[in-house]
Amino acid sequence: MQPTTGPDASFEIVQAIGGTLLSAIFTAGIITSTFAASLSSHATAARLLYAMGREGVLMRSLFDYLHPRWKTPVFNVLVIGVFCLLALFLEFATAAFSE
């Protein structure tokens with residue numbers, strides 16, 4: 001058996017130790033944790049835009065709005081969502097502004 005390095009090492013180790021079942025559980029855990037981290041970052045960025053709008057750093061008319069019933073910054077959530085969707089179409093080199 002050859003030593004494994006790189007990003008696939010953890011999957012190969014889990015596969016060797018626990019087989020297909022542990023590998024599936026490991027993959028589900030990675031997907032769940034990635035989704036949870038993305039969701040919390042999305043909510044945090046929306047609240048940050050709200051705070052900046054409330055303080056007058058950004059346009060108050062857009063970024064200071066809270067939904068009357070749920071008290072969430074609806075417009076800011078949509079703005080962050082659009083940026084996240086646009087990121088799907090960017091390559092890493094484009095996003096990093098490298099030549």
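With hydrogens and angles disregarded, a donor-acceptor distance shorter than 3.5 Å links the side chain of Arg60 to the backbone of Arg54. Ser23 contributes no side-chain N or O that, together with a main-chain N or O of Gly19, makes up a donor-acceptor pair within less than 3.5 Å.
Ala37 approaches Ser40 most closely through the heavy-atom pair O-OG, 3.0 Å. Listed here is the closest heavy atom pair of Ala46 and Ile80: N-CG1, 4.0 Å. Closest of all the heavy-atom pairs between Cys84 and His42 is SG-ND1, 4.0 Å.
Taking hydrophobic clusters as Ile, Leu, Val, Met, Phe, Trp and Tyr residues chained together by side-chain heavy-atom distances below 4.5 Å, Phe75 shares a cluster with Met59. Leu66 and Met52 end up in different hydrophobic clusters when Ile, Leu, Val, Met, Phe, Trp and Tyr side chains are linked at under 4.5 Å. Connection of Ile25 to Ile30 is not established within any shared hydrophobic cluster, with ILVMFWY side chains joined at heavy-atom distances below 4.5 Å, either directly or through further cluster members. Following chains of ILVMFWY side-chain contacts shorter than 4.5 Å, one cannot reach Val57 starting from Tyr65, and the two form parts of different hydrophobic clusters.
If you look at Tyr50 and Phe63, their ring centroids are not closer than 6.0 Å.
Residues Ile17 and Ile13 are in side-chain contact: their nearest non-hydrogen atoms beyond the backbone lie under 4.5 Å apart. Counting heavy atoms from C-beta outward, Leu49 and Val79 have side chains that approach closer than 4.5 Å. Residues Ile31 and Phe26 have side chains not in contact (no heavy-atom distance under 4.5 Å, counting atoms from C-beta outward). With a 4.5 Å cut-off on side-chain heavy atoms, Arg47 and Thr72 count as touching.
Here the CG-CG distance, from Leu62 to Leu78, works out to 11.5 Å after rounding to the nearest 0.5 Å. Taking CG from Leu48 and CG from Leu58, the interatomic distance works out to 8.5 Å, rounded to the nearest 0.5 Å.
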